[in-house]
2 protein chains.
Amino acid sequence: MHMGADCHHAEGAHPGLTGPVLADALVLAERRCAATQERLTTPRRRVLELLLEADGPMKAYDLIAAFGAHGEPAKPPTVYRALEFLERLGFAHRIESLNAYVPCRMDGQGHRAAFVICECCGAAEEFEPDFATQLAAAAPSGYAVRTVTLEARGLCPACQA
Amino acid sequence: MHMGADCHHAEGAHPGLTGPVLADALVLAERRCAATQERLTTPRRRVLELLLEADGPMKAYDLIAAFGAHGEPAKPPTVYRALEFLERLGFAHRIESLNAYVPCRMDGQGHRAAFVICECCGAAEEFEPDFATQLAAAAPSGYAVRTVTLEARGLCPACQA
DNA sequence: TCCGTTATGTTATCTCATAACGCATCATTA
DNA sequence: TAATGATGCGTTATGAGATAACATAACGGA
Ligand SMILES: [Zn+2]
Ligand SMILES: [Zn+2]
Ligand SMILES: [Zn+2]
Ligand SMILES: [Zn+2]
């Protein structure tokens, strides 16, 4: 969670997973991979685990640093390859405006993600935007829109207090 | 213009400005700065000129390389500071998903920009989205949204052919 | 002219991401 | 089971994007 230096509020809506809940999430990911002939290999699984454990968006080099069980970092390509895989399968998303990554909270495969990001505490919440409206608005000159990146910024409920 | 390697289409909708049109745009920028006690200094003006001359989004290090009149590049902070100023005044926008910068085409100060980006030729077109609708859609959990970044990808009219 | 403020020049460093190469692993099939 | 092709990993090195820190210069009001 990359919060503003002076944020005094409680953490956001997505504390990291632990214990059986985390284990269940990883088992579910295994199953979804198995169903499509994809392989949730050790580094891929480890990066997903780190994302799920985190309280908020994780930077790539935070993942690199946290990768090894006993303090040994990973090499950058290891983590970037895993992130590419996780994004491709819809297990994770990149937040462009943060250069950071989150696990998917919507658990629909291949869906389009949008985020609201709290400028105070750094929480990022995924939501499913109204794309019909947006696509209509986003074709000003005959563009055929294929994907949309939407990242809103503001204050989460806790930080409005 | 950062186009796909194999794009065979005509250039996008915004060829770079040259001659009197470019000069007029810079004079207009001077006037808008004067009206608000802001200073369009030499490096700021030069970076704006480079953005206006370009056919499409410019990377920061392209601006750095092109900065000097006789081939001498600028130092990074010179260009990044100028970009910060130009963004603050609404003369330029950063496109997060490209790590690139464009001059504002809407010439409304302080407005919120959105872009459609052609995946084939690299053209980026600015438009004014329907933010009322999006803001409503973007408040899934009581977030108070302040700004929205919207970047769509697809094919421009020329590249659909 | 003095002084506070704003902007620039300069050096160094930091963060983020990928290219390239060889080896390991897995699945296929002969 | 051995050969084969495809996919993924480990490793080294480098490229691309951005900023910290500090000194100097230019501006603007008192
Ligand atoms: Zn998702
Ligand atoms: Zn918050
Ligand atoms: Zn604009
Ligand atoms: Zn195009």
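Small disclaimer: the values here were computed from a predicted structure and weren't measured. First the proteins, then the strands, lettered A, B, ... as listed; each starts at 1.
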inquiry  = Among residues at least two apart in sequence or on other chains, which ones pass salt bridge (Lys or Arg N to Asp or Glu O under 4.0 Å) with A:R153?
reply    = none
ask   = Should the ring pair B:F115 and B:H93 be called parallel, tilted or perpendicular, given that the plane angle runs from 0 to 90° and is split at 30 and 60?
value =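 Rings of B:F115 and B:H93: perpendicular, over 60°.
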query = In terms of ring plane angle, is the pair A:F91 and A:F85 parallel, tilted or perpendicular, where the classes change at 30° and 60°?
reply = tilted
Using a cutoff of under 3.5 Å, can you pull out all pairs of nitrogen or oxygen atoms linking the protein to nucleotides 20-29 of chain C, with atom names and distances?
unit_1, atom_1, unit_2, atom_2, d
C:dA20, N6, A:R81, NH2, 3.2

Round to the nearest Å and state the distance from [X] atom [atom1] to [N] atom [atom2].
X     : N      : atom1 : atom2 : result
A:E84 : C:dA17 : CD    : P     : 13 Å
B:L98 : C:dC16 : CG    : C1'   : 16 Å
B:Y80 : C:dT8  : OH    : C1'   : 18 Å

key: First of A:P43 and B:P76 reached from the 5' end of DNA chain D, by closest nucleotide   =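 Mapping each residue to its closest nucleotide by heavy atoms, the 5'-most match is A:P43.
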query = So which of residues 44-52 of chain A are in contact with DNA chain C, with a heavy-atom cut-off of under 4.0 Å?
reply =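 Correct list: empty, so none.
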inquiry  = Using heavy-atom distances to pick each residue's nearest nucleotide on DNA chain C, tell me which of B:K75 and B:T41 is more 5'.
reply    =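 With B:T41 and B:K75 compared, the 5'-side residue is B:T41.
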message = Taking the nucleotide of DNA chain C with the nearest heavy atom to each, does B:Y61 or B:T42 sit closer to the 5' end?
response =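 Looking at DNA chain C, the more 5' nearest nucleotide goes with B:T42.
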Bounds of contact between DNA chain D and chain A, in 5' to 3' order, using a heavy-atom cut-off under 4.0 Å =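 Both ends considered, the range comes out as D:dG8 to D:dT12.
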In a table with atom names and distances, give each donor-acceptor pair under 3.5 Å that connects a side chain of residues 41-53 of chain A to protein atoms at least two apart or in another chain.
unit_1, atom_1, unit_2, atom_2, d
A:R44, NH1, A:R39, O, 2.7
A:R45, NH1, A:E30, OE2, 2.6
A:R46, NE, A:F67, O, 2.7
A:R46, NH1, A:E49, OE1, 3.1
A:R46, NH2, A:A66, O, 3.0
A:R46, NH2, A:F67, O, 3.3

ask   = Would A:E38 and A:R88 pass as an ion pair if we require N to O under 4.0 Å?
value =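 Yes, A:E38 and A:R88 are salt-bridged.
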message = I'd like to know if B:E119 and A:R146 make a salt bridge, using a cut-off of under 4.0 Å between side-chain N and carboxylate O.
response = yes
key: Donor-acceptor contact below 3.5 Å, side chain B:K59 vs main chain B:L98   = yes
ask   = For B:D24, what residues pass the side-chain contact (heavy atoms from CB on, under 4.5 Å) criterion, not counting sequence neighbours?
value =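 None.
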query = Taking atom CD of A:E84 as the centre, does the number of heavy atoms from other residues, nucleotides or ligands within less than 6.0 Å exceed 12?
reply =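 It does not: A:E84 CD has 12 such atoms or fewer within range.
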request  = Kindly work out whether a path of hydrophobic side-chain contacts (I/L/V/M/F/W/Y, heavy atoms less than 4.5 Å apart) joins B:L22 to B:L86.
outcome  =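 B:L22 and B:L86: one cluster.
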